[in-house]
4 protein chains.
Amino acid sequence: MKQKLIDASIHLFDEKGFTETSVQDIAGEIKVTKGTFYYYFKSKQELLRDIHLNYIGYLLSQQDEIINDTSRDSRNKLHDTVFMLIHSIRNRRKSARIFFREMRNLAPEYLEQNMEKRDLFRKNVQGIVEEGVRKGCFQEDLNTDMITRGILGVANWSYYWFNPEGDVSDEELTNIYLEMILNGINKK
Amino acid sequence: MKQKLIDASIHLFDEKGFTETSVQDIAGEIKVTKGTFYYYFKSKQELLRDIHLNYIGYLLSQQDEIINDTSRDSRNKLHDTVFMLIHSIRNRRKSARIFFREMRNLAPEYLEQNMEKRDLFRKNVQGIVEEGVRKGCFQEDLNTDMITRGILGVANWSYYWFNPEGDVSDEELTNIYLEMILNGINKK
Amino acid sequence: MKQKLIDASIHLFDEKGFTETSVQDIAGEIKVTKGTFYYYFKSKQELLRDIHLNYIGYLLSQQDEIINDTSRDSRNKLHDTVFMLIHSIRNRRKSARIFFREMRNLAPEYLEQNMEKRDLFRKNVQGIVEEGVRKGCFQEDLNTDMITRGILGVANWSYYWFNPEGDVSDEELTNIYLEMILNGINKK
Amino acid sequence: MKQKLIDASIHLFDEKGFTETSVQDIAGEIKVTKGTFYYYFKSKQELLRDIHLNYIGYLLSQQDEIINDTSRDSRNKLHDTVFMLIHSIRNRRKSARIFFREMRNLAPEYLEQNMEKRDLFRKNVQGIVEEGVRKGCFQEDLNTDMITRGILGVANWSYYWFNPEGDVSDEELTNIYLEMILNGINKK
DNA sequence: GATGAATGAGGCTTCATTCAT
DNA sequence: CATGAATGAAGCCTCATTCAT
């Protein structure tokens, strides 16, 4: 029941927004009453927090595996990171969009936690880039902070338009982007 | 007065969100009464629509100049586009974020107009990329649609973190991104 | 201009009701601004009062002529009264309906005036009936109060449905009603 | 609770009018909060509709019994109809006045339903009159439509002034009116 | 005479939340 | 576990009215 409520909320929060979705909407979606909602959640905000924690937790655990895979070099790890993000669109897109869009609606305490984890994720990606620089994969004079943010921009933005069921698969899109990031679009 | 109301709303919508900002908040921000608000706007939605139309109108007019500047080649036009976007952060960041985040809250009719114009902007950028391919600037086998979306991802994402007053200027950031997009980060 | 405002209000008050008609509606109807309205009337209520006074004044003056016409007997005077009311539908219907329906919205002081005049009108009709009884035109044991109210019911009710442009003219309707009131519908 | 809300509204709508009565007034009347009102009614209009449907439903069901009573002739049925209406003043006066006065405030769809039922009621009374003509009770050349409207005028108008607790009882008033309608007031 | 700007009060409605059962 | 009833705060919007020009 709790999971059903969470799933319903994720759907509705993504579609209409957190504030625009009422507890009634959520309960109605799975045919229970508001009372039931409050049996499982202390408040609407607590539910939002759960969604956020779950999403960022998932992201960090996935990232953990990528970073600690000693069999892959920096380029591969960058590839794996972008692929992980784009691949997640299939079942995490809604959570991701809620994550980015509804941060504001978290209580300040949770917001801070949230931002820390988000920064951690980004810093970890930056770590991959810096490793690549150190190991001579990437150019020496990169502004790794800006580059990392650019790479994440490419990947994150795809949450707003990419259709995993369309002509281009997630693997293909990852390859297109990695090729651009690594080698650029200039004619050689 | 109308402009003061618009400015106050842009500030508040960006900070707290459209739904989370009450007409009272807006009126209070500039020390007038709600009645005054409704003297200038038929509804809160109409104000949001005005903000959207103004922003996308600005974007398209800037793009127009870039596209029609015959003295610049495709690479330059791409540079100009990215620079225009990043440079606009200084005074259009809030509008831009509202534009992307509060689309949902537009009436369906305006939403459609909005999406059309947004698509037009993207297609125009894609036009620059395709021109570059045709003229031999860029690689022949580019998936121009995906690449364009990637480029816009890099630029748009910066609206969420870039601080024009920080260490890196808008010109520098544009150069960093154009270098990545054109030549990649791989060590040559 | 004042008369144009009055005419527009009568139309709108009848159509939508006093409270449901805004000063804006009235001003808009004749393409002036609210300010203009307040140049001619101290308040919306004052306008309503004017409409009421005008209507009841008209009624009483018409009644005055009927009562004082010494050439007509009680039956004729009753006929003239009913005819006057039904005939007035053509150009006074709206005022009349406002008169009956919007009394509540008058300030208490005007309401009282209003009811007094209304009662006076009714008492005058009752006077005609009583004269008829005294003079032997009408039955002796009539409850003249109730009968008068019944007669007025017949006439007043027609304001809600009678169409002077329809098959039955105001003269004909008056005759039909007078015949019923005087002789009944029973087969003789 | 729902019934208490309805009763309170009927009282207030009659006294002050639908538009002039706020939901706050209704809730306050029975010492609950506005929230409670909206727990039971989707809107103020829905409540008005309920009142209308209830009233006209009552009227039609009463009429049904009268029409189908084969033991009564046309004169009796006319009597029963007028008595039913006047007798209902005691506990339906307010509903009735709301019914006639607040039609405008119904949503168009309900308004239409309403008018149909109202017309049906009138047509049914007209049926009684026509039956009387056919059976030789009433005069042959009656304009049954106009006469019916006149009879209803007499009865309906009494809702605006008749006091069932006064000197004249509802039975007596009915007799007075039936006598006038059937035999007229002329001295024989 | 007429207008446009501004106000403030009040109305309808939604909604997160609580609580007894 | 789950419900139904009730609350109270807050939000959007309308409107009569005032006033300086």
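All chains are named by letter (A, B, ...) in the order of the sequence lines, taking the proteins before the strands, and each is independently numbered beginning at 1.
Checking F:dA20 for Watson-Crick or G-U wobble geometry (two distances, each under 3.5 Å) identifies E:dT3 as its partner. Within the shown strands, F:dC13 is the pairing partner of E:dG10 under the Watson-Crick or G-U definition, both distances less than 3.5 Å.
For B:T36, the listed nucleotide lying nearest its side chain is E:dA6; candidates were E:dA16, E:dT13, E:dA6. Nearest nucleotide to the side chain of B:M1, out of E:dA6, E:dC15, F:dC12: E:dA6. The side chain of D:S22 lies closest to E:dG11 when the candidates are F:dT17, E:dT7, E:dG11. Comparing E:dT17, F:dA2, E:dG11 by their nearest atom to the side chain of A:Y40 picks out F:dA2.
Counting heavy atoms from C-beta on, the side chains of D:K94 and D:F99 never come closer than 4.5 Å. In this structure the side chain of A:L60 never reaches within 4.5 angstrom of the side chain of A:Y55, judged on heavy atoms.
Taking the nucleotide of DNA chain E with the nearest heavy atom to each of B:G35 and D:Y38, the more 5' of the two is matched to B:G35. Positionally, the nearest nucleotide of DNA chain E for C:K34 lies more toward the 5' end than for the other of D:Q24 and C:K34.
Atom NZ of C:K44 and atom C1' of F:dT17 are 12 Å apart (whole Å). If you take NZ of A:K4 and P of F:dC1, they are 13 Å apart, rounded to a whole angstrom. Rounded to whole Å, atom P of F:dC13 lies 12 Å from atom CG of B:L48. Between the P atom of E:dT18 and the OH atom of A:Y39 lies a distance of 16 Å, rounded to the nearest Å. Summarising the geometry, the separation between CG on A:D25 and P on E:dA16 is reported as 8 Å, rounded to the nearest angstrom. For the pair C:F37 CZ and F:dA16 P, the computed distance is 8 Å after rounding to whole Å. In this entry the distance linking CD of A:E20 with C1' of E:dA16 reads 15 Å, nearest Å. If you take CZ of B:F41 and C1' of E:dA5, they are 14 Å apart, rounded to a whole angstrom.
Nucleic acid contact class of D:T19 (heavy atoms, under 4.0 Å, all strands): none.
In terms of phosphate contacts, C:S43 brings no side-chain nitrogen or oxygen within less than 4.0 Å of OP1 or OP2 of F:dA16. Contact annotation: C:T33 side-chain N/O to E:dT3 OP1/OP2 distance is under 4.0 Å.
Here the separation of F:dT21 from E:dG1, taken at their P atoms, is 22 Å to the nearest Å.
When each of A:Y160, A:W161, A:W157 is tested with B:F100 by the rule ring-ring contact (aromatic ring centres under 6.0 Å, His included), just one qualifies, namely A:W157. The side chain to side chain contact (heavy atoms under 4.5 Å, CB included) with B:I51 is formed by just one residue from the set B:L47, B:N54, B:L53; it is B:L47.
C:S95 and C:Y58 are not linked by any side-chain donor-acceptor pair at a separation below 3.5 angstrom, with hydrogens and angles left out of the test.
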